[in-house]
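See structure below.
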Number of protein chains: 2
Amino acid sequence: MGLAGHEVLAAVLQVRAGSLQVMLWERAREPHARRWSLPGGGLGDHEDVEASIRRQLAEKVDVRQLTHVEQLAVFSAPGRVPGPRVVATAFLGLVPSDTDPVVPSDTAWHPVDALPATAFDHEAICRRARHRLASKLSYTNLGFALAPPEFTISALRKLYSAALGYQVSATNLQRVLSRRGLLEPTGAVAPVGPSGGRPAALFRFASREMRVTDPFAVLRPPSSRSLGT
Amino acid sequence: MGLAGHEVLAAVLQVRAGSLQVMLWERAREPHARRWSLPGGGLGDHEDVEASIRRQLAEKVDVRQLTHVEQLAVFSAPGRVPGPRVVATAFLGLVPSDTDPVVPSDTAWHPVDALPATAFDHEAICRRARHRLASKLSYTNLGFALAPPEFTISALRKLYSAALGYQVSATNLQRVLSRRGLLEPTGAVAPVGPSGGRPAALFRFASREMRVTDPFAVLRPPSSRSLGT
DNA sequence: TCAAAAGTGTTATTGATACACCCATGT
DNA sequence: ACATGGGTGTATCAATAACACTTTTGA
């Protein structure tokens with residue numbers, strides 16, 4: 001059984017100021033000093049990889065602000081970091097847009113499509129995280145992890161547009177999510193803006209656990225209609 | 001950086017005799033003697049996890065018969081195997097149905113919905129592999145990895161039905177795959193069976209590289225039509 | 001009364017399922 | 001001829017994109 005260093009890394013994503021951003025810290029020491037790096041670190045002996053990444057992120061960001069964590073992939077190229085071989089398990093983490101975690105002074109948020117110079121293979125991990133997020137927004141209820149507990153439809157539209165990288169229609173977004181039973185009105189309305197206009201109704205996600213909502217894109221099992229009676 | 005044993009494991013799936021089966025070997029020694037286990041082993045110092053699983057599978061099955069290999073997930077619970085901690089990177093492997101790999105005497109194929117007593121967390125890995133395969137058959141061209149180079153529509157129907165676990169219609173399967181440009185006729189026809197009937201036309205997959213064919217189930221980007229002119 | 005923002009109704013389109021029908025070949 | 005599958009045409013259904021229209025409020 002090969003012995004190898006094992007680290008866990010997370011691309012923590014949040015929609016900030018209208019764009020999808022990732023949390024990075026600036027390396028002070030070699031290797032790759034002054035380059036930006038994903039948070040993470042070594043795997044402890046008595047924790048699994050998910051517990052480990054949650055523990056390590058707790059040093060950067062309040063755990064309660066992490067609304068979703070999932071494995072992305074293993075990165076294991078022998079030369080991915082200088083020196084002895086280190087295998088990395090990469091994660092995607094999500095933080096809702098209404099929080100502004102207090103981060104250490106070496107840590108900052110960067111728009112995912114304008115990354116600074118990054119360390120090691122961390123840019124590839126960011127790309128993977130972005131892609132996973134965009135995919136899951138389409139076929140799961142993962143939007144809850146980016147959104148505050150309550151939000152207006154136009155706020156939600158901005159979140160989805162930023163995360164997907166293209167504009168989505170508020171009208172159709174509401175209808176798709178409502179038909180699937182993901183969205184429910186709270187009954188309250190948001191305060192109105194400086195320039196008037198109708199106050200927006202507030203909504204929440206019906207569930208804050210990730211659930212697949214579109215399991216069979218095609219090749220669905222036979223409908224119950226043709227089986228019944 | 002935590003040091004940990006690292007192993008790679010693969011659930012190699014094939015449609016055999018009309019059912020989806022997984023390759024397992026029977027453990028001779030403790031721990032978990034007489035239980036069935038996924039092929040794999042330790043990660044070497046100079047290979048990444050994918051090279052490693054391909055190398056280790058080569059001992060069980062001719063590499064050229066492996067039409068697809070992809071990462072599933074990391075399994076890392078501290079107690080997943082007795083003794084010192086071992087982290088496992090699990091893979092899905094696929095073998096086309098027209099091959100019958102020569103396997104060692106301790107190794108055999110088992111239908112995935114009637115598994116024998118399995119070792120460690122290997123049953124969970126098999127479940128994960130099954131689920132991944134079924135999902136990807138719906139939104140990628142992954143069928144090529146289960147199918148022979150040429151096949152009739154009804155043979156393909158049997159493959160998809162076995163892998164998905166429910167009957168699919170030959171008519172609609174052909175149309176869905178053709179519309180997406182995945183399937184192309186070879187021009188040849190298959191030899192006719194003992195009881196007559198029209199000879200079936202032969203088809204092949206246009207590409208034998210995995211490609212996503214249904215990238216946006218919903219929340220598609222705006223169509224080119226509304227952007228043009 | 002007007003402007004701004006929110007939300008609804010309606011149509012068109014796309015892509016899938018279900019199913020009837022026609023075709024080609026061996027016996 | 002006819003039985004045995006293979007393949008095609010077509011009706012129907014479901015979900016979504018596009019867009020015009022109505023509603024609600026503040027200035």
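Throughout, a chain's letter reflects where its sequence line sits, starting with A, and its residues are numbered from 1.
Between the OH atom of A/Tyr160 and the C1' atom of D/dA17 there is a distance of 17 Å, given to the nearest Å. Between the CZ atom of A/Phe151 and the P atom of C/dA5 there is a distance of 21 Å, given to the nearest Å. In this structure, B/Phe216 places its CZ atom 17 Å from C1' of D/dA15, rounding to the nearest Å. Spacing between atom CG of B/Leu219 and atom P of D/dA15 amounts to 15 Å, rounded to whole angstrom units. One interatomic measurement links the two molecules: CG of B/Leu177 to P of C/dA16, which rounds to 10 Å at whole-angstrom precision. Atom C1' of nucleotide D/dT8 and atom CG of B/Asn172 are separated by 12 Å, given to the nearest angstrom. Remark: C1' of D/dA17 and CZ of A/Arg157 are 15 Å apart, rounded to the nearest angstrom. What separates CZ of B/Arg220 from C1' of C/dA12 is a distance of 14 Å, to the nearest Å.
Counting non-hydrogen atoms under 4.0 angstrom, B/Ala170 reaches nothing in the nucleic acid. Within 4.0 Å (heavy atoms only), A/Ser154 reaches sugar-phosphate atoms of the nucleic acid but no base atom. At the heavy-atom level, A/Arg180 lies under 4.0 Å from the strands shown only through sugar-phosphate atoms. Note on B/Arg175: a base of the nucleic acid sits closer than 4.0 angstrom, heavy atoms only. Across all strands shown, B/Leu173 has no heavy atoms under 4.0 Å from either base or sugar-phosphate atoms. Here A/Arg179 lies in heavy-atom contact (under 4.0 Å) with a base.
Relative ring orientation between A/His110 and A/Trp36 is described as perpendicular, the plane-to-plane angle rising above 60° on a 0-90° scale split at 30° and 60°. Using bins of under 30°, 30° to 60° and over 60° for the plane-to-plane angle, the ring pair B/Phe205/B/Phe151 lands in the tilted bin.
At distances below 3.5 Å, at least one donor-acceptor pair connects side-chain atoms of B/Trp25 with backbone N or O atoms of B/Leu38. Looking at A/Arg157, its side chain does come within 3.5 Å of a backbone N or O of A/Val168 through a donor-acceptor pair. Between the side chain of B/Glu7 and the main chain of B/Gly40, no donor-acceptor pair closer than 3.5 Å is present.
Distance from the side chain of A/Val176 is smallest for D/dT16 among the nucleotides D/dT16, D/dA18, D/dG7. Of the candidate nucleotides D/dT16, C/dT17, C/dT8, C/dT8 has the atom lying nearest to any side-chain atom of A/Gln174. Considering only side-chain atoms of B/Thr171, the nucleotide from D/dA17, C/dA16, D/dG9 that sits closest is D/dG9. The side chain of B/Ala200 sits closest to D/dG6 out of C/dA18, D/dG6, C/dA16.
When the nearest nucleotides of DNA chain C are assigned to A/Val218 and A/Leu202 by heavy-atom distance, the more 5′-ward of the two goes with A/Leu202. When each of B/Pro199 and A/Asp214 is assigned the nucleotide of DNA chain D with its nearest heavy atom, B/Pro199 is the one assigned upstream, toward the 5' end.
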